Asker: 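Let me give you the structure first, and then I'll get to my questions.
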Amino acid sequence: MAMLPNPLPQLADDPTGHSLGLQLPPGSVLDTPEQPALLWYADEPAAPDSWSRLLPARMAAGLQPVLVDLEDQPLEEWGLDPDAMSYPGEHDPDDVLAELWEYDEDFVDEDWPGLAPAQQPAAGTEPDARATEIAAALVRDKWSSDLRPALVHARRSADIPAALGWYGPVNHENDVARLSAVLRSWEDRFGIRVVAIGFDQLVVSVGAPPKTLDDAEAVAAEHYSFCPDNITQGDRDYDTLRAYAEHAVLGKDFWRFWWD
């Protein structure tokens, strides 16, 4: 499927988005030295319905909704550089996770266990509806003091980090397109959407979370390759992968990742 031309430059001249059939709140288009018109973001913090109100932009203009967290650093200081990244479709997610697998005799086996099985969503659960719920909860629960609605020109939600040239996981993986390849696989197997992104954090909604502890542990192994800091560091670390699976993966409708 060919990408639509990037419509973000139009928003610089038409901030309301009327020419694209949109009704946007007041906002700005971010230009970087590496790439003009990298994303659009609102001037004011998000409301609970902000993510869902931007969803029509996906069909109308090929723009993916996301909440950007500006609490710690303004976007101009994120070092965004999409030209430094490859393309997610060039990478096999199983290979990426296998290469990122780090053996720890006290925590995981030496061999990469392979991808977890796909899950079926509960009846009536649709990935975008789940994402709408998670985005609204992040705003209501004040996950950040400055969450802004934003639009990114990307083929699919999983590609948002690569399209931005995001360096959040730089100490773990320099080419975030490889992690977007994993996110694509999670879209297909678990109905995820990239709901929020910060300087070094990522939140995805999960439309079809694992329902058994064994399946959750298989997913936890993927999380360990994708973002080991999330499990072994931070406010809460875990003694075993199974403990992480039980508390952070099993039946959870969102996954949060943080890189040191």
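Because the structure is predicted, anything quoted here is derived from the model rather than measured.
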Asker: What do the steps show when you test D229 against N171 for side-chain contact (heavy atoms from CB on, under 4.5 Å), and what is the final call?
Answerer: CA-CA 10 Å; D229 295 345; N171 292 327; 5.9 Å; no
Asker: Side-chain polar contacts of residues 12-19 - donor-acceptor pairs under 3.5 angstrom, sequence neighbours left out - could you list them?
Answerer:
| from | atom 1 | to | atom 2 | distance (Å) |
| --- | --- | --- | --- | --- |
| D14 | OD1 | T16 | OG1 | 2.9 |
| D14 | OD2 | H18 | N | 3.1 |
| D14 | OD2 | S19 | N | 2.7 |
| D14 | OD2 | S19 | OG | 2.8 |
| T16 | OG1 | H18 | N | 3.3 |
| T16 | OG1 | H18 | ND1 | 3.4 |

Asker: Rounded to the nearest 0.5 Å, what separates atom CE in M85 from atom CG in L179?
Answerer: 9.5 Å
Asker: Is a side-chain donor-acceptor pair under 3.5 Å present for W112 with D94?
Answerer: yes
Asker: With a distance cut-off below 6.0 Å to the six-membered ring centre and an angular limit of 45° from the axis, does R130 pair with F190 as a cation-pi contact?
Answerer: no
Asker: Aromatic rings H223 and Y244: how do their planes relate, parallel, tilted or perpendicular, breaks at 30° and 60°?
Answerer: perpendicular
Asker: Walk me through it: do W166 and F257 pass the test ring-ring contact (aromatic ring centres under 6.0 Å, His included)?
Answerer: CA-CA 14 Å; W166 183 55; F257 301 99; over 10 Å; no
Asker: Any side-chain donor-acceptor pair under 3.5 Å between S28 and D43?
Answerer: yes
Asker: Where do L54 and P149 come nearest, in terms of heavy atoms and distance?
Answerer: CD1-CB, 3.6 Å
Asker: Using only heavy-atom distances, determine whether the side chains of H247 and Y238 contain a donor-acceptor pair under 3.5 Å.
Answerer: no
Asker: Check whether any side-chain heavy atom of L164 sits under 4.5 Å from a side-chain heavy atom of L38, and report yes or no.
Answerer: yes
Asker: As an exercise, state the distance from CD of Q10 to CG of L20, rounded to the nearest 0.5 Å.
Answerer: 4.5 Å
Asker: Is it true that W259 and F226 have ring centroids separated by less than 6.0 Å?
Answerer: yes
Asker: So which pairs with a foot in residues 194-209 pass side-chain hydrogen bond (donor to acceptor under 3.5 Å, both in side chains), sequence neighbours left out?
Answerer: Q201-R256
Asker: Quick one, Y87 and R155 - any side-chain contact, counting heavy atoms below 4.5 Å?
Answerer: yes
Asker: Does the side chain of R58 pick up a donor-acceptor pair with the side chain of Q64 at under 3.5 Å?
Answerer: yes
Asker: Sequence neighbours left out, what passes side-chain hydrogen bond (donor to acceptor under 3.5 Å, both in side chains) with Q35? Give chain and number order.
Answerer: none
Asker: Testing the basics here: between A181 and P93, what is the closest heavy-atom pair and its distance to 0.1 Å?
Answerer: O-CB, 3.8 Å
Asker: Answer whether the closest heavy-atom distance between the side chains of L100 and R178 falls below 4.5 Å.
Answerer: yes
